[in-house]
Asker: 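My questions all concern the structure below.
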Amino acid sequence: MPPLSREELERKFPPTDDPIRLENRRQLIWLLLATTPQLKQELLAEGRLKGLLEARLEGRLIQARASVRQVLSSRGLTLSPAEEDQIEACADLVTLVRWHEQAISATTVAEALRTQAGPGARPSADPV
């Protein structure tokens with residue numbers, strides 16, 4: 001079977017905002033990279049892999065922010081606009097994971113979003 005042209009691929013995989021399709025595509029890309037070392041080397045040579053890795057990190061940051069918000073919401077804690085901005089501005093995955101852990105037992109949003117772990121707090125596992 002001959003390889004598909006770019007136009008054929010674009011027809012089969014049109015742009016989408018569907019999060020399930022986007023996640024399936026992301027997983028497919030990582031599977032191809034893991035199972036096709038030559039493709040990975042080509043992407044590295046073209047500088048594209050850096051962009052993919054940055055996009056992966058951004059996706060993880062988006063997910064971590066959403067997790068913090070979800071835990072706070074499920075616990076009946078309401079974010080102020082300033083606290084919402086604080087979560088949205090955070091670009092450190094370790095901090096977001098710590099906030100998520102703190103939100104599980106916090107009684108206030110301020111307690112969940114504290115910047116330093118309190119006395120006796122256990123260190124977060126490496127989220128990467």
Side-chain angles (χ1 to χ4, degrees):
M1 180 160 105
L4 298 174
S5 70
R6 181 181 179 109
E7 292 77 23
E8 291 170 315
L9 286 170
E10 288 173 348
R11 255 194 320 276
K12 289 181 181 275
F13 301 99
T16 182
D17 290 331
D18 179 2
I20 293 172
R21 286 180 185 225
L22 291 172
E23 177 60 20
N24 286 342
R25 288 178 184 183
R26 187 188 71 75
Q27 289 182 18
L28 179 59
I29 289 168
W30 286 104
L31 175 64
L32 289 171
L33 288 172
T35 59
T36 317
Q38 182 182 359
L39 175 61
K40 187 175 182 178
Q41 288 304 315
E42 289 173 20
L43 289 171
L44 278 170
E46 294 178 23
R48 293 183 183 175
L49 187 56
K50 181 181 178 200
L52 288 172
L53 293 173
E54 289 171 356
R56 182 178 185 197
L57 174 60
E58 184 57 32
R60 294 190 72 187
L61 290 169
I62 290 168
Q63 177 64 40
R65 290 182 193 117
S67 293
V68 171
R69 291 182 185 107
Q70 193 276 327
V71 169
L72 292 169
S73 174
S74 71
R75 301 207 56 245
L77 300 173
T78 304
L79 291 163
S80 71
E83 291 163 335
E84 178 65 42
D85 290 345
Q86 182 181 0
I87 291 172
E88 192 57 36
C90 184
D92 179 54
L93 194 54
V94 172
T95 297
L96 289 165
V97 168
R98 187 178 69 247
W99 287 351
H100 179 267
E101 291 173 353
Q102 292 170 177
I104 292 170
S105 61
T107 57
T108 66
V109 175
E111 184 181 338
L113 302 183
R114 69 184 184 269
T115 56
Q116 296 297 320
R122 60 182 172 79
S124 298
D126 182 10
V128 177

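The analysis underlying the following values was restricted to heavy atoms, covering all of them including side chains, and did not include hydrogens, waters or symmetry mates. What you are looking at is a predicted structure, and each value in this text was computed from that prediction instead of being measured.
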Asker: State the CD-CD distance between Gln41 and Gln38, to the nearest 0.5 angstrom.
Answerer: 9.5 Å
Asker: Is the number of heavy atoms from other residues, nucleotides or ligands within 6.0 Å of CD (Gln27) greater than 12?
Answerer: yes
Asker: Would you say Arg26 and Leu22 make side-chain contact, with heavy atoms under 4.5 Å?
Answerer: no
Asker: How far does NE2 of His100 sit from CD1 of Ile87, to the nearest 0.5 angstrom?
Answerer: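 Answer rounded to 0.5 Å: 11.0 Å.
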Asker: Check residues 28-37 and write down every donor-acceptor pair under 3.5 Å in which the side-chain atom is one partner and the other belongs to a residue at least two apart or another chain.
Answerer:
unit_1 : atom_1 : unit_2 : atom_2 : d
Thr35  : OG1    : Leu31  : O      : 2.8
Thr36  : OG1    : Leu32  : O      : 3.0

Asker: Assess whether salt bridge (Lys or Arg N to Asp or Glu O under 4.0 Å) is satisfied between Arg69 and Glu88, documenting all intermediate values.
Answerer: CA-CA 10 Å; Arg69 291 182 185 107; Glu88 192 57 36; 2.6 Å; yes
Asker: Using every non-hydrogen atom in the two residues, find where Arg75 and Thr107 come nearest and quote the distance to one decimal.
Answerer: NH1-N, 4.4 Å
Asker: Taking only residues two or more places apart in sequence, or in another chain, which ones meet Thr78 in a side-chain hydrogen bond (donor to acceptor under 3.5 Å, both in side chains)?
Answerer: none
Asker: For Ser73, which residues count as a side-chain hydrogen bond (donor to acceptor under 3.5 Å, both in side chains) partner, sequence neighbours excluded?
Answerer: none
Asker: About how many Å separate CD of Gln63 and CG of Leu96, when rounded to the nearest 0.5 Å?
Answerer: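 The CG atom of Leu96 sits 11.0 Å away from the CD atom of Gln63.
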Asker: Suppose we screen for salt bridge (charged side-chain N to carboxylate O under 4.0 Å, His left out). Which residues come up paired with Arg11, at least two apart in sequence or across chains?
Answerer: none
Asker: Any side-chain hydrogen bond (donor to acceptor under 3.5 Å, both in side chains) involving residues 12-21? Give me the pairs, sequence neighbours left out, ordered by first then second residue.
Answerer: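 Non-adjacent pairs meeting side-chain hydrogen bond (donor to acceptor under 3.5 Å, both in side chains): zero.
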Asker: Any side-chain heavy atom of Cys90 sitting closer than 4.5 Å to one from Gln86?
Answerer: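 The answer is no, as the side chains (C-beta and beyond) never meet within the 4.5 Å cut-off.
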Asker: Could you report the tightest heavy-atom contact between Leu113 and Trp99, atom names first, then the distance?
Answerer: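 Taking Leu113 first and Trp99 second, the nearest heavy atoms are O-NE1, 3.4 Å.
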Asker: Extract all donor-acceptor atom pairs below 3.5 Å that involve side chains of residues 50-57 and protein atoms in other chains or at least two apart in sequence.
Answerer:
none

Asker: Determine the minimum heavy-atom distance between Ala106 and Leu77, stating which atoms define it.
Answerer: O-CD1, 3.9 Å
Asker: Is a side-chain N or O of Glu8 found less than 3.5 angstrom from the main chain of Leu4, in a donor-acceptor match?
Answerer: no
Asker: Honestly curious: do Leu93 and Leu72 fall in one hydrophobic cluster under the side-chain, below-4.5 Å linking rule?
Answerer: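 As far as the 4.5 Å side-chain criterion goes, Leu72 and Leu93 are connected within one cluster.
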